[in-house]
Amino acid sequence: MRVRVRFAPSPTGYLHIGTARTALFNWLFARKEQGIFILRIEDTDLERSKREFEASIIDDLKWLGIDWDEFYRQSDRLNIYKEIAERLLLEGKAYECFCTKEELEKLRGKGYDRRCLKLSEAEKEILRRERKPAIRLYVPKEGETRFSDYLHGELCFQNNVIEDFVILKSDGTPTYNFSVVVDDIDMRITHIIRGEDHISNTPKQIHIYKALGIAPPIFIHIPMILGQDKAKLSKRHGATSIGEYRSMGYLSEAMVNFLALMGASYNDKQILSLEELINLFSLENLSKNPAIFDIKKLDFLSQEHIRRKSLESLTQLAIQFLKEKKLEYWTIDTIYLTRVLGILQTRIKTLKDIILMGDYFFTEDFSKDIEIPIEEKKRLSSILPELVDILNKVEDWNSTNLENRIRIFITERALDSRWFLQSLRIIISGKKVTPSLFETLEVLGKEKTVNRIKKGMN
RNA sequence: GGCCCCUUCGUCUAGUGGCCCAGGACGUCGGGUUCUCAGCUCGAAGACAGGGGUUCGACUCCCCUAGGGGCUACCA
């Protein structure tokens, strides 16, 4: 049987790290098994669902490189759920509930007491006139519900802890547990890979499968992603959406690699492309321990993936990123940008680092993280004019020539080379850290170099 | 509270009864290369939650305790 999996986000927010990882695992499994990957938007919560979020989730999935073979939106399928719920009602497997919010509130935590099950047909008829009923599934109080999970083995729940839960709300829309099962059956899903927080929903869903007379698929509940404090990763831990990391300049390759590494292993390999991940992915390599989000690892992976990019494609990524950051004037001279990236490539962790570490290539108004002390400035003022003359005479402006000339200059004047080179670095960049000074000067060009040194003399 | 899941270095993980006085990667710390950094390179510290069993032998199997997490809605 052909593998059919689905990723079913609800469009009530941006694509979350944990959700994205669930999508990725489903996708990797589908691609590895040459199966079908379905994207299903679970927008039955009319209050909280927004088209804007749906668009953003789709955008982020595309950015990650995740594509889908079939697409569904639950709001397009409302009549199906309604029809099936009504069938269950007719078959006596479900019943109408007329309870108000207030009545239910009093029952909180105790489980529904089936008061509406005892209603006579006449009573129901009267109630129907004043309000729409919800539909509850009849769940036996005796016995237990078992199902097996690929990662966790046999799981068993006592039926008396499962109340007669609502499957169709009074407004005619399905609840999550119901629409999921109806769709998973309808879409012939073979494997459900989802977060561990759904384990306790599963017995409820099993009861729906039973009521519908269908055998459930294989469940694979993957562990959650936690914050540093080991609580479920949430807003208070900082950035939690894929979009935020994208905007911080992380490469999608790095993000995918990072997500894949959390909760799974691939022959001890760390740096992996999408293709390699597909090849190495296996349900057997999934872990059942929750993973703590560690941005240090993401940084490392991002740096590695940047290093592996060709200069051309890195430039393209940078152009796109800089434009998004409203710095399009940095991208006008593509050749120059490429040369800058050539010396920055091994030093940046994210695309944003280009801005942080390379602003002096593009603007005279660059950030200064260090100033030269007054005392040293005086000393430099007496040395620099001569250097300017020398630099002005350099015909072939490349790092080798520059290094030769400047080193000769240092020797002749008996300068402390560390001190002098570092001073030059600060004068031309405002930074205490840059690529090799001579390469930096080469890329920066004669004009800017000389001007900045002149400026630095004052 | 009830039900359920999880427990190997700080972090992600390898390990499915002897190959493990526990391997890899990130991070950390030291050394080397060097104009600073990145890189490269050499090296170091660092874990089987605790307690009982089972077994000739437990990181691996069972039980208990502790800790962490999740669910407990006419949200998904």
Side-chain angles (χ1 to χ4, degrees), chain A residues 8-13 19 42-45 47-49 74 97 99-101 104-105 108-112 132-136 149 151-152 155-158 160-163 165-177 179-180 195-204 221 223-224 226 228-232 258 261-271 285 287-301 303-304 307 343-349 353 357 403 406-407 410 417-426 429 431-438 440:
Chain A
S10 64
T12 54
T19 321
E42 309 219 322
D43 56 350
T44 54
D45 183 345
E47 293 283 302
R48 297 196 303 147
S49 296
Q74 289 190 325
C97 172
C99 293
T100 60
K101 268 213 155 59
L104 259 18
E105 195 57 46
R108 260 294 154 72
K110 283 175 260 176
Y112 186 63
K132 289 271 188 190
I135 298 179
R136 286 180 186 273
D149 179 283
L151 285 176
H152 303 283
L155 264 22
C156 179
F157 290 78
Q158 294 303 312
N160 59 26
V161 303
I162 307 166
E163 62 175 0
F165 58 97
V166 171
I167 57 174
L168 202 74
K169 303 176 217 167
S170 52
D171 66 0
T173 61
T175 57
Y176 162 73
N177 283 122
S179 56
V180 160
E196 207 177 81
D197 46 345
H198 287 293
I199 286 185
S200 35
N201 278 324
T202 310
K204 289 183 182 175
H221 286 102
M224 323 232 62
L226 277 25
Q228 292 297 328
D229 60 355
K230 296 188 175 183
K232 190 174 175 177
F258 177 62
L261 243 30
M262 272 192 290
S265 60
Y266 310 85
N267 300 341
D268 270 349
K269 284 208 181 78
Q270 308 288 322
I271 315 293
N285 296 335
S287 160
K288 50 181 176 174
N289 307 352
I292 293 172
F293 181 91
D294 181 17
I295 196 151
K296 293 266 180 55
K297 188 99 174 191
L298 211 207
D299 284 340
F300 163 73
L301 293 169
Q303 180 168 210
E304 288 296 320
R307 265 158 51 84
I343 57 174
L344 243 30
Q345 184 166 19
T346 60
R347 289 163 242 261
I348 52 175
K349 296 196 303 276
D353 283 343
M357 297 168 63
E403 174 150 21
I406 293 174
R407 288 216 188 269
I410 287 170
S417 84
R418 269 173 199 268
W419 167 76
F420 187 66
L421 293 172
Q422 188 62 3
S423 300
L424 271 183
R425 164 174 287 116
I426 295 166
S429 73
K431 312 279 187 289
K432 51 187 167 191
V433 172
T434 73
S436 152
L437 179 65
F438 308 109
T440 304

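Proteins come first, then strands; the chains are lettered A, B, ... in the order of their sequence lines, and each starts at number 1.
Atoms CZ (A:R347) and P (B:C35) sit 14 Å apart, rounded to a whole Å. Residue A:L151 contributes atom CG, which lies 19 Å from atom P of B:C4 at whole-angstrom precision. Atom P of nucleotide B:G70 and atom CD of A:E196 are separated by 10 Å, given to the nearest angstrom. The distance between atom CG of A:D197 and atom C1' of B:G68, rounded to the nearest whole Å, is 16 Å. The NE2 atom of A:H221 sits 20 Å away from the P atom of B:C3 (whole-angstrom rounding). In this structure, A:Q345 atom CD and B:C37 atom C1' are separated by 16 Å, rounded to whole Å. For the pair A:Y176 OH and B:C74 C1', the interatomic distance rounds to 16 Å; values are reported in whole Å. Atom pair A:F438:CZ and B:U34:P shows a separation of 14 Å (rounding to whole Å applied).
In this structure, the separation between CD on A:Q74 and CG on A:D45 is 11.0 Å, given to the nearest 0.5 Å.
Counting only heavy atoms from C-beta on, A:Q303 has its side chain closest to B:G39 among B:C4, B:G39, B:C37. Nearest nucleotide to the side chain of A:R307, out of B:G24, B:U36, B:C40: B:C40. Nearest to the side chain of A:A231, among B:G69, B:C74, B:C3, sits B:G69. Comparing atom distances between the A:Q270 side chain and each of B:A25, B:U11, B:C35 picks out B:A25 as nearest.
Put simply, A:N201 has no side-chain N or O that comes within less than 4.0 Å of OP1 or OP2 on B:C71. Between B:A76 and A:R48, no contact under 4.0 Å exists linking OP1 or OP2 to a side-chain N or O. Between A:N289 and B:U13 there is no side-chain polar atom (N or O) within less than 4.0 angstrom of OP1 or OP2. Using a 4.0 Å cut-off, some side-chain N or O of A:K169 falls inside it from OP1 or OP2 of B:A76. Contact check, A:S436 against B:C37: no side-chain N or O comes under 4.0 Å of OP1 or OP2. Taking 4.0 angstrom as the limit, A:R425 places none of its side-chain polar atoms (N or O) nearer than this to OP1 or OP2 of B:C37. The phosphate of B:A14 has OP1 or OP2 within less than 4.0 Å of a side-chain N or O from A:S265.
When heavy atoms are screened at a 4.0 angstrom cut-off, A:D43 is found touching no nucleic acid atom at all. Residue A:P435 is classed as a base contact, given a heavy-atom separation below 4.0 Å to a base. No contact: A:Q228 has no heavy atom under 4.0 Å from any strand. Contact annotation for A:L437: base contact, defined as any heavy-atom pair under 4.0 Å involving a base atom. Using a 4.0 Å heavy-atom cutoff across all strands shown, A:K432 reaches at least one base atom of the nucleic acid. Within 4.0 Å (heavy atoms only), A:L155 reaches sugar-phosphate atoms of the nucleic acid but no base atom. Residue A:K232 is classed as a sugar-phosphate contact, given heavy-atom separations below 4.0 Å to backbone atoms only. Residue contacts for A:K288: at a heavy-atom cut-off of 4.0 Å it reaches the sugar-phosphate backbone alone, with no base atom in range. In this structure, A:A291 reaches the sugar-phosphate backbone alone: every heavy-atom distance under 4.0 Å involves primed, P, OP1 or OP2 atoms, never a base.
For the 3.5 Å distance criterion, the side chains of A:T175 and A:N177 fail to qualify, holding no donor opposite an acceptor.
Looking at A:N267, its side chain never comes within 3.5 Å of a backbone N or O of A:K269 through a donor-acceptor pair. Of the possible donor and acceptor atoms, none in the side chain of A:D43 sits under 3.5 Å from a partner among the backbone N and O of A:S49.
Nearest heavy-atom pair, A:P11 versus A:E42, reported as atom, atom and distance to 0.1 Å: CD-O, 3.4 Å. Minimum interatomic distance between A:M262 and A:I292 (heavy atoms only, all atoms of both residues): SD-O, 4.3 Å.
For B:C26, the paired base is B:G10 (Watson-Crick or G-U wobble, both distances below 3.5 Å). Under the Watson-Crick or G-U wobble criterion, with both distances below 3.5 Å, B:U36 has no partner in any strand shown. Base pairing annotation: B:G46 forms no Watson-Crick or G-U wobble pair, as no partner gives both donor-acceptor distances under 3.5 Å. Taking a pair to require two hydrogen-bonding distances under 3.5 Å in either a Watson-Crick or a G-U wobble arrangement, B:C19 remains unpaired. With both pairing distances under 3.5 Å, B:C3 is matched to B:G70 as a Watson-Crick or G-U wobble pair.
Ranked by how close their nearest RNA chain B nucleotide is to the 5' end, A:V166 and A:K230 are led by A:K230. Comparing A:P174 and A:F293 by the nucleotide of RNA chain B that holds the closest heavy atom to each, the one mapping nearer the 5' end is A:F293.
Residues A:F258 and A:F293 place their aromatic rings such that the two centres sit under 6.0 Å apart.
Donor-acceptor pairing under 3.5 Å, judged by distance alone, is present between the side chain of A:S170 and the base of B:C74.
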